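In what follows, a single structure is set out as structure tokens and then discussed.
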Amino acid sequence: MRYTYGTSETAAQRLEEIAKFFNPLAKQFIQGNLKRPVEVAIDLGCGPGFTTEMLALATNCKNVYGLDSSTDYIAMAKDRFGQLHFVKHDVTQVPFPLLADVMYMRFLLSHLNDIGLLLTNWVNELSEDGVLFVEELEDIYTDVDVFKRYLEVNAGLVSSQGAELFVGRTLVDAVSGLSVISNESVILPVKDWQAATWFYPNTISVWEQEQYVLDLLLEAERKEISEALLGVKMDKSGESNIAWKMRRIILSKVS
């Protein structure tokens with residue numbers, strides 16, 4: 001599998017900023033739906049380990065494993081979170097190294113295809129009565145021109161790689177036939193400066209390397225978008241003109 005936004009230290013720092021916002025919310029989501037003690041937990045597509053640490057805190061589980069296909073991210077995760085377990089493993093391939101009572105993923109399916117098959121395979125890697133927590137992007141609402149343009153470009157970039165940025169829209173059909181415990185969407189308002197903090201790094205790294213973006217945007221337009229996002233990033237006014245719509249699903253093994 002290929003991670004659209006790269007596995008550099010810059011990409012890891014961006015994920016850390018994203019985790020500062022989403023991890024507390026994910027922790028509440030998981031803790032509010034746990035029905036029994038957790039012996040083994042797996043973070044699918046763990047990246048540099050920030051979601052894995054959250055999963056450990058949410059489950060109060062000592063046997064927490066992060067799985068990722070990136071050698072760089074696994075090395076970063078081991079360095080940052082030595083008390084947790086990290087294994088280089090392509091999560092599109094089963095079986096996993098072990099069965100889990102709880103699995104978690106966030107912003108993973110937007111980098112993959114055949115998501116219905118993947119979800120089926122993953123729930124079959126759960127232990128008896130195990131659950132899979134899914135958080136994926138369904139939409140981003142904003143009237144800010146630079147945000148809209150950035151998202152248009154990124155949606156096209158992800159699509160050019162055979163995946164879908166707003167993959168949450170397809171999950172209702174993708175989980176058909178699976179044992180669905182919960183399926184809902186939530187709206188999460190985000191400060192403008194926070195959104196720009198997540199967006200800006202891609203414009204000075206990924207956008208300068210991906211042929212899709214280079215063909216789509218002239219250098220002057222890339223620079224204009226990047227500088228506009230940097231300006232929003234530096235303005236801590238507290239305005240919120242953008243919101244994430246997240247699809248949250250809990251699955252168990254098919255009975």
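Predicted, not measured: the structure shown is a model, and the values here were computed from it.
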- Message: For Tyr104 and Glu135, which I'm curious about, is there any donor-acceptor pair between the side chains at under 3.5 Å?
- Response: yes

- Query: Considering only heavy atoms from C-beta outward, does the side chain of Leu151 approach that of Thr142 to under 4.5 Å?
  - Reply: yes

- Item | Residues that Tyr150 engages under ring pair (Phe, Tyr, Trp, His ring centres under 6.0 Å), provided they are two or more places apart | Phe199, Trp207

- Message: Test: salt bridge (charged side-chain N to carboxylate O under 4.0 Å, His left out). Region: residues 59-84. Which pairs qualify, not counting sequence neighbours?
- Response: Glu9-Arg80

- Residue pairs, two or more places apart or on separate chains, that pass salt bridge (charged side-chain N to carboxylate O under 4.0 Å, His left out) and touch residues 38-57: none

- Message: Could you work out, with ring pair (Phe, Tyr, Trp, His ring centres under 6.0 Å) as the rule, every residue matching Tyr200, not counting sequence neighbours?
- Response: none

- Task: Answer with yes or no whether the side chains of Asn183 and Arg247 bring together a donor and an acceptor at under 3.5 Å.
- Result: yes

- Where at least one partner belongs to residues 170-184, residue pairs that pass salt bridge (charged side-chain N to carboxylate O under 4.0 Å, His left out), sequence neighbours excluded: none

- Item | Residues forming a ring pair (Phe, Tyr, Trp, His ring centres under 6.0 Å) with Trp198, sequence neighbours excluded | Phe21, Phe22, Trp244

- salt bridge (charged side-chain N to carboxylate O under 4.0 Å, His left out) contacts in which one or both residues fall within residues 143-155, not counting sequence neighbours: Arg149-Glu152, Arg149-Glu221

- So side chain to side chain donor-acceptor pair (under 3.5 Å) across residues 22-33, not counting sequence neighbours, yields Asn23-Arg106

- Query: Any side-chain heavy-atom pair from Met103 and Phe133 closer than 4.5 angstrom?
  - Reply: no

- Message: I want to check something: taking the side chain as every heavy atom from C-beta on, are Asp101 and Leu126 in contact at a cut-off of under 4.5 Å?
- Response: no

- Query: Are Ser205 and Thr10 close enough that a side-chain donor and a side-chain acceptor fall under 3.5 Å?
  - Reply: no

- Backbone N or O of Met246 within a donor-acceptor pair of the Glu138 side chain at under 3.5 Å? no

- Output all residues satisfying salt bridge (Lys or Arg N to Asp or Glu O under 4.0 Å) with Lys20, sequence neighbours left out; order by chain, then residue number. Glu17

- Cluster partners of Ile187, using ILVMFWY side-chain heavy atoms under 4.5 angstrom, listed by chain and number? Tyr141

- Does a side-chain N-to-carboxylate-O contact under 4.0 Å join Glu208 and Arg222? yes

- Task: State the OG1-CD distance between Thr52 and Gln83, to the nearest 0.5 angstrom.
- Result: 10.0 Å

- Message: Restricting to ring pair (Phe, Tyr, Trp, His ring centres under 6.0 Å), what partner residues turn up for Phe86, sequence neighbours left out?
- Response: none

- Going by the ring-ring contact (aromatic ring centres under 6.0 Å, His included) test, which pairs reach into residues 43-63, not counting sequence neighbours? Phe50-Phe81

- Message: With a sphere of 6.0 Å drawn around NZ of Lys223, does it hold more than 12 non-hydrogen atoms of other residues, nucleotides or ligands?
- Response: no

- Message: Is any side-chain heavy atom of Leu216 closer than 4.5 Å to one of Leu157?
- Response: no

- Item | Within one Ile-Leu-Val-Met-Phe-Trp-Tyr cluster: Val172 and Leu109, side-chain cutoff 4.5 Å | no

- Decide yes or no for Phe147 and Leu229: does some side-chain heavy atom of the first lie under 4.5 Å from some side-chain heavy atom of the second? yes

- Step-by-step salt bridge (charged side-chain N to carboxylate O under 4.0 Å, His left out) determination, Asp192 to Lys233: CA-CA 7 Å; Asp192 291 356; Lys233 175 178 180 290; over 6 Å; no

